[in-house]
Q: 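Got a structure here, written out as structure tokens. Questions coming.
Just so we're on the same page: letters track the sequence lines, and every chain starts at 1. Below, each value reflects all heavy atoms present in this structure, side chains not excepted, and no hydrogens, waters or symmetry copies.
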Amino acid sequence: MTILDEPLIYTSLGNMPVSELEHYVGWEVTAEYVKFREVYKFQGEIVKESAHVHALNGHEMGAFIPS
Amino acid sequence: MANTAAVCNSFKQELFLGAHQFGSVTLISRSSLTAPTTDSFKMALYLASATINKSTTVYTTTGEVSGTGYTAGGTAETNGNAPALDTDTAHWTPSASVSWSTVTLSTAFDAALLYNSTQTTGGNGRAVAVFTFSSQTVTAGNFSLTMPTNNGTTGLLRIA
């Protein structure tokens, strides 16, 4: 069994060495949610992309109260 | 003493529990009329080109995302939080995130529909709420939606 020194990650092109990929991360912050996006590219092509949305605020249904 | 007009807080919470019935509706049996079982809820993802909004009444495959690793209908919510009351606001939030692992969703999506997968009409689960975020694709990756803090200020569904 060959033990690779370099970690591999699963991509749309199969398992690839991390070092051969360009890695980008980005955050989007709004009042309603925070989104984290992570992209791996190989020769300019997106081969892995993940996103995680953390909802900060749900929906409120107001009940009418006469003033 | 003075009386104050209000919607009773207990009533708001009991709406989540299905404790009141103002009109007739055709329901899927909850096993018992006096101690009904909890319904199941799901979250489905929708393309940015779809039309899912306040007028949506049931889950639909029209406009739903499709791709490797995604099953039509979406993912079941973990319902470990009983509806609760926080001062004047009743609230309910799923007790865990919903996530899709190792999926490829090549067409941009930007919405999630929460629906009741137990209570169906015409074979489709009754819609509860729509949540939106900026347009997104996923390639051989993961997507998750983490719930807000379950209280009267931020809970996923609130009746004030």
Q: Given a strict heavy-atom distance threshold of 4.5 Å, which part of B:Ser134 is in contact with chain A: side chain, backbone, both, or neither?
A: both

Q: Membership question, hydrophobic clusters at under 4.5 Å side-chain separation (ILVMFWY): are B:Val65 and B:Ile52 in the same one?
A: no

Q: Which atoms of B:Thr132 come close to chain A, meaning under 4.5 Å heavy atom to heavy atom: side chain ones, backbone ones, both, or neither?
A: backbone

Q: Quick check on the interface: out of A:Val39, A:Val47, A:Val34, who has the most heavy-atom pairs with chain B under 4.5 Å?
A: A:Val47

Q: Following the transitive rule for hydrophobic clusters with a side-chain heavy-atom cut-off under 4.5 Å over Ile, Leu, Val, Met, Phe, Trp and Tyr, establish whether B:Leu156 and A:Met61 coincide in one cluster.
A: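 Result: yes, single cluster for both.
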
Q: Please report the closest heavy-atom contact between A:Tyr10 and A:Asn15, naming both atoms and the distance.
A: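 Minimum heavy-atom contact is CA-OD1, 3.4 Å.
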
Q: Name the one of B:Thr149, B:Asn150, B:Asn81 that satisfies side chain to side chain donor-acceptor pair (under 3.5 Å) with B:His91?
A: B:Asn150

Q: To the nearest 0.5 Å, tell me how far A:Arg37 CZ sits from A:Glu28 CD.
A: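 The CD atom of A:Glu28 is 10.0 Å from CZ of A:Arg37, to the nearest 0.5 Å.
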
Q: Do B:Thr75 and B:Met43 come close enough that some side-chain heavy atom pair is under 4.5 Å?
A: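 A side-chain contact under 4.5 Å is absent here.
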
Q: Is chain B contacted by the side chain of A:Lys48, its backbone, both, or neither, given a heavy-atom distance below 4.5 Å?
A: both

Q: At a heavy-atom distance under 4.5 Å, which candidate from B:Thr137, B:Leu157, B:Asn142, B:Thr93 has the highest pair count against chain A?
A: B:Asn142

Q: What residue in A:His54, A:His59, A:Glu38 has the most heavy-atom pairs under 4.5 Å with chain B?
A: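 Highest number of heavy-atom pairs under 4.5 Å: A:His59.
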
Q: Is A:Ile46 close to chain B through its backbone or its side chain, or both, or neither, when contacts mean heavy atoms under 4.5 Å?
A: both

Q: Please classify the contact between B:Thr102 and chain A as side chain, backbone, both or neither, with a heavy-atom cut-off of under 4.5 Å.
A: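 The side chain, not the backbone.
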
Q: Could you tell me which portion of A:Ser12 (side chain, backbone, both or neither) has an atom closer than 4.5 angstrom to a non-hydrogen atom of chain B?
A: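 The answer is both parts of A:Ser12.
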
Q: Please give me the minimum heavy-atom distance between B:Arg158 and B:Thr153, naming the atom from each residue.
A: CZ-O, 3.2 Å

Q: Identify which part of A:Glu32 has an atom lying under 4.5 Å from any heavy atom of chain B, answering side chain, backbone, both or neither.
A: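 No part of it gets close to chain B.
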
Q: Which of these passes side chain to side chain donor-acceptor pair (under 3.5 Å) with B:Arg30: B:Asp39, B:Thr37, B:Thr118?
A: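 Of the listed residues B:Asp39, B:Thr37, B:Thr118, the side chain to side chain donor-acceptor pair (under 3.5 Å) partner of B:Arg30 is B:Asp39.
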
Q: Where does B:Val103 contact chain A at under 4.5 Å (heavy atoms): side chain, backbone, both or neither?
A: neither

